[in-house]
Number of protein chains: 2
Amino acid sequence: MSSVKNKYQFEDLLDKHQLKKTAARLRVLSMMYSKNTATSQPDLESVMQDIDRVTLYRILSVFEEKGIIHKVFDLNGTANYAVCHSDCEANHHHDEHVHFNCTACYNVYCLNELTLPDLKLPAGFRAEGFTLYASGLCPTCSKKVS
Amino acid sequence: MSSVKNKYQFEDLLDKHQLKKTAARLRVLSMMYSKNTATSQPDLESVMQDIDRVTLYRILSVFEEKGIIHKVFDLNGTANYAVCHSDCEANHHHDEHVHFNCTACYNVYCLNELTLPDLKLPAGFRAEGFTLYASGLCPTCSKKVS
DNA sequence: TTAAGTGCAAAATCTTTGCAAATGT
DNA sequence: ACATTTGCAAAGATTTTGCACTTAA
């Protein structure tokens, strides 16, 4: 997966969704693509202190509507946002993957390469989507402990 | 599973955890055991309007600490609480089961009878717990639609 | 030029904290 | 009687809304 993108690809991405290419949006995109973990509103705020808190809320919100990012809740119930992959459509996300929440650093990893095993639900339940949350130690924190 | 309990069993449960048997706590227990879905703070508030909002927060909080209930977040990131089963210990919950979140009525069902299939994580990740969230239509809402 | 996006102020929620009064044991 | 629990008020935190100013196209 080509998670590394340059400035022009971010601009294209915004174009594609009929969003204006503002500095704030480009910075948010650039930050989110540079990390392999999901980003929360507090994360964004602390990194981009010169951008208004409300603007960040609105950027996350419009990116989610357009299907550029998707939302995932961590162990504390805080919303974290991660970039979507090509098969994500607006409001119909391919979030059927595994999220890993580290209990030490609280980072949320999207493990896109894993597929969920099939699962039979009790009679009457009609499942449309699945998300598996795993929690424990991520590679980085795992090293520090052992 | 004997999810139906009477007044005396709730009192025993509180006793066991060295909690005083107050009217508010007994009512919360009774409500949570009578449902097969998880309960959110807003749920509780609307049903028990005569009990102070803060008291409900504190009851949920102490029940969770003692391992009487466990927390699960629904699709909207709202905390929902469900009664724990016998193998739940304080701060070490057996929540390795499947949660089903209905997209129509937003109820959260704990499907305790299902076990999670094994899953291999990428190198470096040390998983301690798993929770699978399924979303779709619950039996009740499923009937209404078809 | 003008529609979209941003910043600021303020409102609306949600959650926590402190303390006095009430309750359970 | 005494420690716990509750209710109320108020503080904190988070998220949303309205509107004037700014910016991208």
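Residue numbering restarts at 1 for every chain, and letters A, B, ... go by the order of the sequence lines. Please read all numbers here as calculations on a predicted model, not as lab measurements.
- Straight-line distance from the CD atom of B:Gln18 to the C1' atom of D:dT4: 13 Å, rounded to whole Å.
- Side-chain atoms of A:Lys66 and A:Lys16, non-hydrogen and from C-beta on, never get closer than 4.5 Å to each other.
- Between A:Phe63 and A:Leu14 there is a side-chain heavy-atom pair separated by less than 4.5 Å.
- The aromatic rings of A:His70 and A:His99 are tilted relative to each other, their planes meeting at an angle between 30° and 60°.
- In this structure, B:Asp15 and B:Pro42 both approach DNA chain C, and ranking their closest nucleotides by distance from the 5' end singles out B:Pro42.
- Looking only at side-chain heavy atoms (C-beta outward), A:Leu13 and A:Tyr33 come within less than 4.5 Å of each other.
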Candidate pair B:Leu29 and B:Ile68, rule side-chain contact (heavy atoms from CB on, under 4.5 Å), full reasoning:
CA-CA 9 Å; B:Leu29 277 184; B:Ile68 297 174; 3.9 Å; yes
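- Distance, A:Asp50 CG to D:dT22 P: 18 Å, rounded to whole Å.
- A ring-ring contact (aromatic ring centres under 6.0 Å, His included) with A:Tyr133 is found for one member of B:Tyr133, B:Phe73, B:Phe130 and no other, namely B:Tyr133.
- Listed nucleotides D:dT5, D:dA9, D:dC19 differ in distance to B:Val54; the shortest reach to its side chain belongs to D:dA9.
- The neighbour count for B:Phe125 CZ, taken as heavy atoms of other residues, nucleotides or ligands under 6.0 Å away, is above 12.
- Within 4.0 Å (heavy atoms only), A:Ala23 reaches no atom of the nucleic acid at all.
- For A:Arg53 and D:dT16, the CZ to P distance is 12 Å, given to the nearest whole Å.
- Per the geometry, CZ belonging to A:Arg58 stands 11 Å off P belonging to D:dG18, to the nearest Å.
- As a whole-Å value, the separation of A:Lys20 NZ from D:dT22 C1' is 10 Å.
- Rounded to an integer number of Å, the gap from B:Gln49 CD to D:dT6 C1' is 18 Å.
- Interface limits on DNA chain C: the 5'-most and 3'-most nucleotides within less than 4.0 Å of chain A heavy atoms are C:dA3 to C:dA9.
- Taking atom CG of residue A:Asp52 and atom P of nucleotide D:dT23, one finds them 15 Å apart after rounding to whole Å.
- For the pair B:Leu60 CG and D:dT6 C1', the computed distance is 15 Å after rounding to whole Å.
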